[in-house]
Structures are given as C-alpha cells and as structure tokens.
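Below you'll find the structure, written out as structure tokens, and then a few comments.
Letters A, B, ... mirror the listed sequences (proteins, then strands); counts begin at 1.
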2 protein chains.
Amino acid sequence: MLKLTKKADYGLIALKYLAEHPETPALSAKDIADAYGIPAQLLAKILQLMTKKGLLRSHAGMNGGYALAREAREISAYEVILAIDGPFFITSCTKGAKSCELTPSCTIKEPLARVNDTIAGVLKSISIQDLAEHEQPGMPANGAAGLVSLRL
Amino acid sequence: MLKLTKKADYGLIALKYLAEHPETPALSAKDIADAYGIPAQLLAKILQLMTKKGLLRSHAGMNGGYALAREAREISAYEVILAIDGPFFITSCTKGAKSCELTPSCTIKEPLARVNDTIAGVLKSISIQDLAEHEQPGMPANGAAGLVSLRL
DNA sequence: TCAGTATACGACCAATTGTGTCGGGATTAC
DNA sequence: GTAATCCCGACACAATTGGTCGTATACTGA
C-alpha cells in the first residue's frame, strides 16, 4: 500500500534522535527505545542492520552504543529505507531474473519504473539533517507542498 | 516496503488494456484476465471496485463488461491506486484521530508527509494514457529519468 | 419467457509479510 | 569478573494480501 514499514520509521526516528544529540559519544539502543516507547529489542536489531550497512558506528561494552557513521547531512532517507527494508520497487514484478514470467505482457512496469526512480530521487534528497531540523511548526500550511516536474 | 499491491498492479494493467482497445464497447473481466493470466475472479473484484469509485462503467448481461468511465488521459494512476488500495500514507503513523499516541514524539512524520505529497503528485501526473502510450522500447536508457525538485 | 452471459457481493481460506520476543554469545569498561 | 552493551539466529504472533467459492442479480437475445 505504498507505505514505510514501522521498522523503517523506527530507523529514521533513531537516526534523527542521534542527529539531535551530537554531543554524546554514543547512545544505547535502550536509550533511544525508551525515549520513544519503541520495543527495545526490535530497535536494537534495526540499529544493528544500519550498522552493518555503514550508516552507524557501534561500540559494545559499558557506555557503548551507537553513533552516526557520517554527518547527518550526508545520510539520506533513501539509504535508511534501503538498509532496513531492502531495495524497493514500486511494481510487484521487479526487473532482473524471474520477473513477470507468467505475464510476459506486464507492460505497465516500464513507465512505473520511472515513477519508482522519481520517488527514490525524492528520498535521496532528504537527509537525516532535514528531519532533525524541521521542528518549527511554522510552515504556513500551504497546500502547494513540493513542486514536482516529472519528465516521462 | 513501499510497493504497490498486486491488486493495484492488476487494476492499472486492466485500465491500460481498456485504454488500448477503445473501439470495443466493453470488455469482460474474463477477457482481460485471460489476456494477462490474472485470476479472473480476483480481477473481477478489482474492476467492481473501480466501477464503484467511478473509474469504470459496467454493463451486465451478454456482451457486457467494463469500459473506461472517462478518457484515459483523464484517469490518473493516483486515482486507481487510491480506489484499490485506499488512501496511502508513507508514514505508518497517519494524521487524524489516533495517530502516534504512544509516541508523541514521532516528529519524523511531518517532513515525510511532504515526501508523501510529492509522491502523490507524481502519481497524479501519470495518466492511464501515459501507461498505454509507452510501448516503444526506444527510450535511450538515460539514467537521468525524471527531474524532480522538492521544496522542503 | 427462458437460457446464457455477465456483473455484484459477501464469506472464507491460504500465503506472505510485518512485528515483536527470546535466548545465547561476544565485547568492552570499570 | 561483572555489568553493560552490541550481535545474531530462531521463533511466535498478528496483520495484510492474494485468491477462491457460492450465490444473487442484471441484462441480452432468441
């Protein structure tokens, strides 16, 4: 239904939280989980995943925890989602090996692949920094949020 | 994982097929299902759904079937997805009534709501006509597919 | 009017995926 | 050496999705 999983949400929240606390050398999974009421063990797995993908640096032992591997500005939402949920394709029938074998006529996926790229581009343009900054509730509630021009 | 459901895929495929056969007064669910190897009864339900939402016109009886309620150019992919999968929100915690009660600090969803709007805008800009037209495999495989400018 | 074709719709089951838990093991600081 | 912490695989539960079945209803044409 075209929505992020909770895991991806949690991952973004956690990174945002880390971005907001640059002074601390490391925050434990439990710290972050408690701050948001997220199941600690689940968040731990998510953080481990992001560590393995190079988005975080981890440190075991007392006073250990996680810290951003790069600057918040240098980590995109796309990378986070990719790390947690794996590569996404808007079409069910993805490209590559065994795609639409049963339906060789799935001609729909070619134009949608471009939509897919567009969405990926948008997500790539959003950094953790962006998430962390947008605290102010200002934003004059304009309906015209985000101007998009898609060239088919 | 940010992908369309098969139902939405089927719906788009069916509409595209109808758009490609404007001469026929109506095509039955079975006709379309057979053409693509889609489970007929499932497709029937999807077509019924789209009929109820006003995207299709149905006609029972012999030589009955479905036809586009509007011109292919006037039906957007967004409407189709909306009709089949319901309203989508990229964030798990949607706005409105009972959103992030447990985690009042889900500050992440506000910036992502804009991403959501952007994606919706892209989907709104794609019409069934667009899907039907892109048959030619030309498309010089340029990586720079779709230029997006997102204003946060 | 009657048979055949088709949509309409609700209930149901099967498969997949998402969410969360448990338990044991490996590192590190004090 | 002990407590805190990351690491990781396996598992259970819940939700969603995908698909089927049966039946009712509507329309056409002979």
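- Proximity of residues 47-60 of chain A to DNA chain C (heavy atom under 4.0 angstrom from any strand atom) is restricted to H59(A), A60(A).
- Annotation for A72(B) and A19(B): closest pair CB-CB, 3.8 Å, computed over non-hydrogen atoms.
- When rounded to the nearest whole Å, the span between CD1 of I46(A) and P of dG18(C) equals 13 Å.
- When all heavy atoms of P111(B) and L131(A) are compared, the pair lying nearest together is CB-CD2, 3.6 Å.
- Across the protein-nucleic acid pair, I38(A) atom CD1 and dG20(C) atom P stand 9 Å apart, rounded to whole Å.
- In this structure, A29(B) reaches the sugar-phosphate backbone alone: every heavy-atom distance under 4.0 Å involves primed, P, OP1 or OP2 atoms, never a base.
- Nucleotide dG18(C) holds its P atom 13 Å from the NZ atom of K6(A), rounded to whole Å.
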Can you tabulate the close N/O pairs, meaning under 3.5 Å, that link protein atoms to atoms of nucleotides 11-16 of chain C?
residue	atom	partner	partner atom	Å
dA11(C)	N6	K45(B)	NZ	3.3

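- Atom-to-atom, NZ of K30(A) to C1' of dC7(D) comes out at 18 Å; the value is rounded to the nearest Å.
- The side chain of L42(B) approaches dT20(D) more closely than any other nucleotide in the set dT5(D), dT20(D), dA4(D).
- Under a 3.5 Å cut-off, the side chain of D130(B) and the backbone N or O of S127(B) do form a donor-acceptor pair.
- Regarding L4(B), its CG atom lies at a distance of 15 Å from the C1' atom of dT16(D), rounded to whole Å.
- With rounding to whole Å, Y10(B) atom OH is found 14 Å from dT20(D) atom C1'.
- Distance CG (D31(B)) to C1' (dA6(C)): 10 Å, rounded to an integer number of Å.
- L49(B) and L82(B) fall into different hydrophobic clusters, where Ile, Leu, Val, Met, Phe, Trp and Tyr residues are linked whenever their side-chain heavy atoms come under 4.5 Å apart, directly or through other members.
- Nearest heavy-atom pair, A29(B) versus L43(B), reported as atom, atom and distance to 0.1 Å: O-CD2, 3.6 Å.
- The side chain of Q41(A) sits closest to dG23(C) out of dG4(C), dT19(C), dG23(C).
- The residues E133(B) and K16(B) are annotated as not salt-bridged, no charged nitrogen and carboxylate oxygen being separated by less than 4.0 angstrom.
- Residue contacts shown for K7(A) include a base, since a base heavy atom lies under 4.0 Å away.
- Separating the OH atom of Y66(A) from the C1' atom of dT5(D) is a distance of 8 Å, rounded to the nearest angstrom.
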